[in-house]
**Student:** 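I'd like to ask some things about the structure below.
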Amino acid sequence: HIEQIWDENFFTIDGQIKHRIVDTGIDYQAQKNKRTIRGMPIVSHTLKMRGKCDVVELHPNPNGFYFSKYNDKYSVYPVEYKRGRPKKDESDIMQLLAQAICLEEMLGVRIDSGACFYFETRRRERVEFTAELRSRLFAIIDEMNGYYYRRYTPKVKRAKKCNMCSLKDYCLPELSGRPSVTEYIEMRLQE
């Protein structure tokens, strides 16, 4: 994002195709009066971020947020769709929580949970938004905003997932951990 670089590969295109299915999917409103909003734009001025929710489900709740369009009160439940399976890290969870916090700020509600749906497993994984998760997310967002304002791209941490990344040829993760040109020349001069 900072360097304004993007490239496509199989995984990005497959994800786009799957998201088109999500964005134009059938709205199952008959299911206990649940409402489904697809591709909802979101923003948080506090977190200094914006994006789009894949799906926001509205579940009837007499103590929920009043939606004038439906003339009823609902609890808000974000659902993030992912092409693969659950990751070992928390990146999917943090993305979902960031969406929930944007929705909370926009609607003036508290959202306690959401879900990630994985196309590979065809299952939803429910996520409880604990105080600990929120604290970690705020720290991550502060770090990300710091990078953005300084226009600094952090060094890559080489991982197996680098092989599937569409930006691999720009990032060059195989060069991480090697000395810079300046360090290399200094080492040669000291020989």
Side-chain angles (χ1 to χ4, degrees), residues 1-20 22 39 41-54 78-106 111 114-121 125 127-191:
H1 183 74
I2 291 169
E3 297 175 13
Q4 296 294 296
I5 297 172
W6 179 254
D7 205 355
E8 301 286 359
N9 68 6
F10 168 80
F11 302 105
T12 60
I13 293 170
D14 185 50
Q16 289 171 16
I17 291 167
K18 286 181 169 60
H19 272 86
R20 264 190 245 135
V22 172
I42 53 173
V43 66
S44 169
H45 300 289
T46 305
L47 299 178
K48 299 178 182 135
M49 63 176 15
R50 62 187 162 145
K52 185 167 73 168
C53 289
D54 290 336
V79 182
E80 175 63 21
Y81 282 71
K82 294 295 184 184
R83 66 166 301 280
R85 60 180 53 236
K87 294 180 181 71
K88 292 180 181 174
D89 65 24
E90 290 183 322
S91 57
D92 294 346
I93 292 168
M94 292 300 170
Q95 181 183 359
L96 179 66
L97 177 55
Q99 292 172 7
I101 290 172
C102 288
L103 288 165
E104 287 177 341
E105 186 176 320
M106 289 170 56
I111 301 173
C116 290
F117 174 84
Y118 294 93
F119 277 97
E120 195 170 315
T121 62
E125 300 287 332
V127 178
E128 297 292 328
F129 302 139
T130 64
E132 182 183 325
L133 268 181
R134 288 172 186 268
S135 178
R136 285 202 304 273
L137 177 69
F138 292 138
I140 290 167
I141 289 173
D142 283 345
E143 183 179 358
M144 288 172 55
N145 283 333
Y147 293 148
Y148 181 77
Y149 290 118
R150 292 189 336 241
R151 296 290 189 236
Y152 170 75
T153 302
K155 290 185 178 180
V156 67
K157 294 176 184 168
R158 178 99 172 102
K160 186 178 177 182
K161 63 185 172 183
C162 291
N163 294 327
M164 299 184 304
C165 181
S166 66
L167 301 178
K168 180 181 173 187
D169 292 337
Y170 300 97
C171 177
L172 301 172
E174 63 274 2
L175 297 181
S176 70
R178 295 195 179 176
S180 69
V181 173
T182 305
E183 292 169 333
Y184 178 80
I185 291 171
E186 287 175 2
M187 286 181 344
R188 291 293 175 227
L189 289 173
Q190 291 176 5
E191 286 181 351

**Student:** Around R158, counting heavy atoms of other residues, nucleotides and ligands shown, do more than 12 lie under 6.0 Å from its CZ?
**Tutor:**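 It does: R158 CZ has more than 12 such atoms within range.
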
**Student:** F11 and M164: which non-hydrogen atoms are nearest, and at how many Å?
**Tutor:** CD1-O, 3.4 Å

**Student:** Is there a side-chain contact between I42 and M106, using heavy atoms and a 4.5 Å cut-off?
**Tutor:**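 Of all side-chain heavy-atom pairs linking M106 with I42, at least one is under 4.5 Å.
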
**Student:** To the nearest 0.5 angstrom, please state how far the CZ atom of F138 sits from the CE atom of M94.
**Tutor:** 10.5 Å

**Student:** When rounded to the nearest 0.5 angstrom, what distance separates CZ in R151 from OH in Y149?
**Tutor:**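 Rounded to the nearest 0.5 Å, the CZ-OH separation comes out at 9.0 Å.
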
**Student:** Not counting sequence neighbours, which residues clear side chain to side chain donor-acceptor pair (under 3.5 Å) with E143? List them please.
**Tutor:**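 Partners of E143 under the side chain to side chain donor-acceptor pair (under 3.5 Å) test: Y147.
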
**Student:** Count the heavy atoms of every other residue, nucleotide or ligand shown that sit under 6.0 Å from NZ of K87, and state whether that count exceeds 12.
**Tutor:** yes

**Student:** Any idea which heavy atoms bring Y118 and G84 closest together, and the distance?
**Tutor:**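 In this case the closest contact between Y118 and G84 is CB-O, 3.2 Å.
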
**Student:** Measure the shortest side-chain to side-chain distance between V79 and D54 over non-hydrogen atoms and say whether it is less than 4.5 angstrom.
**Tutor:**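 Not in contact.
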
**Student:** Is the cationic atom of R83 (NZ for Lys, CZ for Arg) positioned less than 6.0 Å from the six-membered ring centroid of Y81 and within 45 degrees of its normal?
**Tutor:**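 Judged by the rule (NZ or CZ under 6.0 Å from the ring centre, within 45° of its axis), R83 is not positioned above Y81.
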
**Student:** Which atom names give the shortest non-hydrogen contact between N9 and C165, and what distance separates them?
**Tutor:**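 Shortest heavy-atom separation between N9 and C165 comes out as ND2-C, 3.5 Å.
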
**Student:** Find the distance between OG (S44) and CD (Q99) and round it off to the nearest 0.5 Å.
**Tutor:** 12.5 Å

**Student:** Rounded to the nearest 0.5 Å, what separation is found between the CG atom of D92 and the NZ atom of K82?
**Tutor:**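 Interatomic distance, D92 CG to K82 NZ, rounded to 0.5 Å: 4.5 Å.
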
**Student:** List the atom of P78, the atom of I111, and the distance in Å for their closest heavy-atom pair.
**Tutor:** CD-CG2, 3.8 Å

**Student:** Does the side chain of F119 come within less than 4.5 Å of D14's, by heavy atoms?
**Tutor:** no

**Student:** Kindly indicate whether the side chain of P86, heavy atoms from C-beta on, has any atom under 4.5 Å from the side chain of T121.
**Tutor:**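 Side chain of P86 against side chain of T121, heavy atoms only: contact under 4.5 Å found.
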
**Student:** Go through the steps for R134 and E104 under the test salt bridge (Lys or Arg N to Asp or Glu O under 4.0 Å), then give the verdict.
**Tutor:** CA-CA 13 Å; R134 288 172 186 268; E104 287 177 341; 2.8 Å; yes

**Student:** Looking only at heavy atoms, what is the nearest atom pair of D7 and L167, with distance?
**Tutor:**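 That would be N-CD2, 3.7 Å.
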
**Student:** State whether the number of non-hydrogen atoms from other residues, nucleotides or ligands found under 6.0 Å of M144 atom CE is greater than 12.
**Tutor:**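 No, the 6.0 Å shell around CE holds no more than 12 heavy atoms from other groups.
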
**Student:** Enter the distance from L47:CG to I140:CD1 here, rounded to the nearest 0.5 Å.
**Tutor:**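 Nearest 0.5 Å value for the CG-CD1 distance: 12.0 Å.
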
**Student:** Say you draw a straight line from CD1 of I93 to OG1 of T130; how long is it, rounded to the nearest 0.5 Å?
**Tutor:** 9.5 Å

**Student:** Return the minimal non-hydrogen interatomic distance between A115 and L96, and the atom names on each side.
**Tutor:** N-CD2, 3.4 Å

**Student:** So, do V127 and L133 sit near enough that their side-chain heavy atoms are less than 4.5 Å apart?
**Tutor:**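 Yes - at least one pair of side-chain heavy atoms lies under 4.5 Å apart.
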
